[in-house]
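Here is the structure we will look at.
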There are 2 protein chains.
Amino acid sequence: MRRDVFQAIADPTRRAIIALIAFQAMTPNAIAEHFDSSRQAVSKHLRILTECQLVEQEQSGREIYYTLNAKKMKEIDKWLEQFRLLWENRFSQLDKVLHTLKTQKK
Amino acid sequence: MRRDVFQAIADPTRRAIIALIAFQAMTPNAIAEHFDSSRQAVSKHLRILTECQLVEQEQSGREIYYTLNAKKMKEIDKWLEQFRLLWENRFSQLDKVLHTLKTQKK
DNA sequence: TATATTTGCAACCGAAAGGTTTCATAAATT
DNA sequence: AATTTATGAAACCTTTCGGTTGCAAATATA
């Protein structure tokens, strides 16, 4: 069951969990309180997030604190990187081509 | 069947399609040549990408050219924005807190 | 020690995903 | 006009997803 970061963030509940624990570690019980579904369902989501290393565990007695692994989030950003020039229209592909043609003429 | 950008990029084939047409519009047939699965399977992926507006169609006779809608890609980037400070360790949450404490002391 | 709390795991279930094959339609070619 | 080409849509199938309920294990508390 190989997990993928992109597959992990596909689910809206999991994205909400990520946002929830981003700035403060939380236990499964505390997280589950923010959602309508059962604690076990949230636990399943946490398992998936853990498997792809988006989230890490920190045991404290019988409680487990879940924290976001920001480094892993960077992976998504890295994939997006190749397209960033496209939506920053200042350097759109067309502009680039035109720029190249212009500078070659000189 | 409401489609979501995050769900759309969850599939590796769809991510490959996005990368493929990012800098050059392509027809379904041309796209399908790059994959092992059937043309119809690719067509299904294109449908999903179109439904969430990640991709746009441009008819030319009986051919349809698919282009990436870079603006929509920005949506993913926008969601990522809230976490960017976390992985740019120069401004990690901890650093921010320490900085605040430090400046308050002065 | 007995009980309550926190958590993960397994089994089950309906819905959705992703693939295939078959068919219909429209445009280009002969 | 007949045929080929490009494409999308429908029907079907297997696997995965996301949820549930029930149970077991470990730690904290009475």
Side-chain angles (χ1 to χ4, degrees), chain A residues 1-21 24-69 72 76 79, chain B residues 1-21 24-69 72 76 79:
Chain A
M1 226 186 296
R2 184 147 294 254
R3 297 291 182 178
D4 186 53
V5 184
F6 293 96
Q7 196 243 335
I9 63 162
D11 183 85
T13 303
R14 282 197 289 269
R15 286 200 302 282
I17 291 176
I18 287 172
L20 202 56
I21 66 169
Q24 186 180 18
M26 287 178 80
T27 65
N29 262 329
I31 295 169
E33 278 171 15
H34 289 76
F35 300 96
D36 290 331
S37 53
S38 70
R39 178 191 61 76
Q40 285 91 336
V42 170
S43 192
K44 259 191 171 183
H45 284 306
L46 287 171
R47 186 171 185 266
I48 290 169
L49 290 169
T50 306
E51 275 175 2
C52 72
Q53 295 171 306
L54 263 176
V55 144
E56 282 162 356
Q57 306 176 333
E58 232 172 278
Q59 191 101 26
S60 164
R62 70 181 162 189
E63 291 180 325
I64 300 176
Y65 284 89
Y66 281 87
T67 58
L68 181 64
N69 178 13
K72 203 70 184 180
I76 307 162
W79 180 74
Chain B
M1 226 187 295
R2 186 146 292 256
R3 296 291 181 178
D4 185 54
V5 184
F6 294 95
Q7 196 244 333
I9 63 162
D11 184 86
T13 304
R14 284 198 287 271
R15 286 201 302 280
I17 291 176
I18 288 174
L20 202 56
I21 66 169
Q24 186 181 17
M26 287 179 81
T27 65
N29 262 328
I31 295 169
E33 279 172 14
H34 289 76
F35 300 95
D36 290 331
S37 53
S38 70
R39 178 192 61 76
Q40 285 91 337
V42 170
S43 192
K44 259 190 172 183
H45 284 306
L46 287 170
R47 187 171 185 268
I48 291 169
L49 290 170
T50 306
E51 275 175 1
C52 73
Q53 296 172 305
L54 263 175
V55 144
E56 282 162 357
Q57 305 175 333
E58 232 173 279
Q59 191 102 25
S60 165
R62 69 180 163 188
E63 292 179 325
I64 299 176
Y65 285 88
Y66 282 86
T67 58
L68 181 64
N69 178 13
K72 203 69 182 180
I76 307 162
W79 180 74

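Per chain, numbering begins at 1; letters A, B, ... match sequence-line order. What you see is a predicted model; the values in this text were computed from it and never measured. For the numbers below, each heavy atom of this structure counts, side chains included, while hydrogens, waters and symmetry mates do not.
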Q | Interatomic distance, B:Glu33 CD vs D:dA6 P [rounded to whole Å] | A | 9 Å
Q. What nucleotide, of D:dG8, C:dT7, C:dG8, holds the atom closest to the side chain of A:Glu63?
A. C:dT7
Q: Take atom CG of B:Leu49 and atom P of D:dT7, then tell me their distance rounded to the nearest Å.
A: 16 Å
Q. When you look at CD of B:Gln24, are more than 12 heavy atoms from neighbouring residues, nucleotides or ligands closer to it than 6.0 Å?
A. no
Q: Provide, to the nearest angstrom, the distance between the CZ atom belonging to A:Arg3 and the P atom belonging to D:dG18.
A: 8 Å
Q) In whole angstrom, what separates A:Asp4's CG from D:dT16's C1'? A) 14 Å
**Q.** Donor + acceptor pair across side chains of B:Tyr66, B:Gln57 (<3.5 Å)
**A.** yes
(Q) In this structure, how many angstroms lie between the C1' atom of D:dG18 and the CZ atom of A:Arg15, rounded? (A) 15 Å
(Q) Taking only side-chain N and O atoms of A:Ser43, does any of them lie within less than 4.0 angstrom of OP1 or OP2 on C:dT7? (A) no
**Q.** Interatomic distance where CD belongs to A:Gln57 and P belongs to C:dT6 [whole Å]
**A.** 17 Å
Q: Look at the side chain of A:Ile64 and decide which nucleotide, out of D:dG18, C:dT7, C:dG18, has an atom nearest to it.
A: C:dT7
Q) Could you give the distance from CD1 (A:Ile48) to CZ (A:Arg3), rounded to the nearest 0.5 Å? A) 4.0 Å
**Q.** Phosphate-side-chain proximity, B:Arg47 and D:dA9, N/O vs OP1/OP2 below 4.0 Å
**A.** yes
**Q.** Nucleotide C:dG18, atom C1' - distance to CD1 of B:Ile17 in whole Å
**A.** 12 Å
Q) B:Arg15: what forms a salt bridge (charged side-chain N to carboxylate O under 4.0 Å, His left out) with it, not counting sequence neighbours? A) A:Asp4
Q) Quick one: side-chain hydrogen bond (donor to acceptor under 3.5 Å, both in side chains) partners of A:Lys44, sequence neighbours excluded? A) none
Q. Yes or no on side chain to side chain contact (heavy atoms under 4.5 Å, CB included) for A:Ile9 and B:Trp79, after CA distance, side-chain angles and deciding distance?
A. CA-CA 11 Å; A:Ile9 63 162; B:Trp79 180 74; 4.2 Å; yes
**Q.** Reading 5' to 3' through nucleotides 19-30 of chain C, protein heavy-atom contacts under 4.0 Å coded B for base, S for sugar-phosphate only, - for none
**A.** BBBB----BS--
Q.
So, does B:Tyr66 get its side chain near the phosphate of D:dA6, meaning an N or O under 4.0 Å from OP1 or OP2?
A. no
Q) Any side-chain N or O of B:Asn29 under 4.0 Å from OP1/OP2 of D:dT7? A) yes
(Q) Whole angstroms only, please: what is the CD-P distance between B:Glu58 and D:dA6? (A) 19 Å
(Q) Whether the side chain of B:Gln59 engages the backbone of B:Gly61 through a donor-acceptor N/O pair (distance < 3.5 Å, no angle test) should be reported. (A) yes
